[in-house]
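Just follow the structure's listing: the first ligand is 1, and inside any ligand the first atom is 1.
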Amino acid sequence: MLEIINACKSFNIGTVNQKDALINLNLKLKPGDFTTVIGGNGSGKSTTLNIIAGVHAIESGKIILDGQDITKLPEHRRAKFLGRVFQDPMMGTAADMMIEENLAMANHRGEVPLLGWSINQQEREFFAEKLKLLDLGLENRMSSKAGLLSGGQRQALTLLMATLRKPKLLLLDEHTAALDPKTAAKVLELTQEIVNQDQLTTLMITHNMKDAIRIGNRLIMMYNGKIIYDVEGEEKKQLHTSDLLQKFEVASSGEFASDKMLLS
Ligand SMILES: Nc1ncnc2c1ncn2[C@@H]1O[C@H](COP(=O)(O)OP(=O)(O)OP(=O)(O)O)[C@@H](O)[C@H]1O
Ligand SMILES: [Mg+2]
């Protein structure tokens, strides 16, 4: 479904601040792979998602999505195929637009609105049905502004918007990190339900090692712009956080002892 071949991405090239964020990155995802991504701060996790989404162009290498070479495709053209949810609950929804208008925008992704989003009854019923699945009562508040929702509610809505039209790939960048533990657990549960139901190929960055082990069928660990560990299936299920910590220790020669990963 996704193939990243020898991708390199550096920032501030040719200056003293040059940072080689991704170094010959290779990653191949099968359709339906639900992959969790872990790694210390600055290891290249978000950059990986950003080069897939086209936020950053790569200096060399290739990105193939569902058989199509998208390496040179601009971000807005890739948006049609991708679902994204970020850490910041304020980013994924338009605060000044009603819940149903946000959903209409997602439902017509890639189209140019002529006179705003006119929503017909059939579409409204479809949205209500989808919102009911969230179990947050939002189906009764469809004409409320998204800005009135709590962080968790907004993140749940963003998740729904990102997956309303089945994306070829769902990209989640610490999408529950800014939520309180109870809300985070709820949004994570919803994520699993939606991904499983639609068999979505998914990359989910998390700093929570227990979640990374428990959720999905595959786990990759990044360090210094490279994937240093890639495990799937039964082997992944058998992992313990101590195994992951040990991998980090070995890769970083002990530097992870102070990393925030240890706290989660
Ligand atoms: N737009 C940018 N300009 C300059 N440097 C950047 C930019 N984006 C990322 N970097 C650098 O690239 C490296 C990788 O960053 P990235 O955001 O991918 O890390 P991460 O693994 O997501 O870390 P975190 O867990 O802190 O979110 C870091 O050193 C970062 O400072
Ligand atoms: Mg990041």
Among Q87, K45, H56, the residue with a heavy atom nearest to atom 25 (O) of ligand 1 is K45

The reported gap from CG in L131 to CG in L157 (rounded to nearest 0.5 angstrom) is 6.5 Å

The atoms of ligand 1 lying under 4.0 Å from a heavy atom of H207, numbered in the order shown, are 25 (O)

Hey, is ligand 1 close enough to N12 that some N/O pair sits below 3.5 Å?
no

Margin query: Quick check against the 3.5 Å criterion: does K45 have a side-chain atom that pairs as donor or acceptor with the backbone of M222?
Written below: no

Atoms of ligand 1 under 4.0 Å from any heavy atom of N41, numbered from 1 in the order shown, are 23 (O), 24 (P), 25 (O), 26 (O)

TODO: Output yes if N41 passes the N/O/S-under-2.8 Å test against the Mg ion (ligand 2); output no otherwise.
DONE: no

What one should report as the nearest heavy-atom pair of Q155 and Q87 is NE2-O, 3.6 Å

Side chains of T93 and N102: is there a donor and an acceptor less than 3.5 Å apart? no

N or O pair under 3.5 Å between A21 and ligand 1: no

Side chain of Q197, backbone of I194: donor and acceptor closer than 3.5 Å? no

Within-cut-off N or O pair, G42 and ligand 1, under 3.5 Å:
yes

Heavy atoms of I38 and T206 approach each other most closely as CG2-O, 3.5 Å

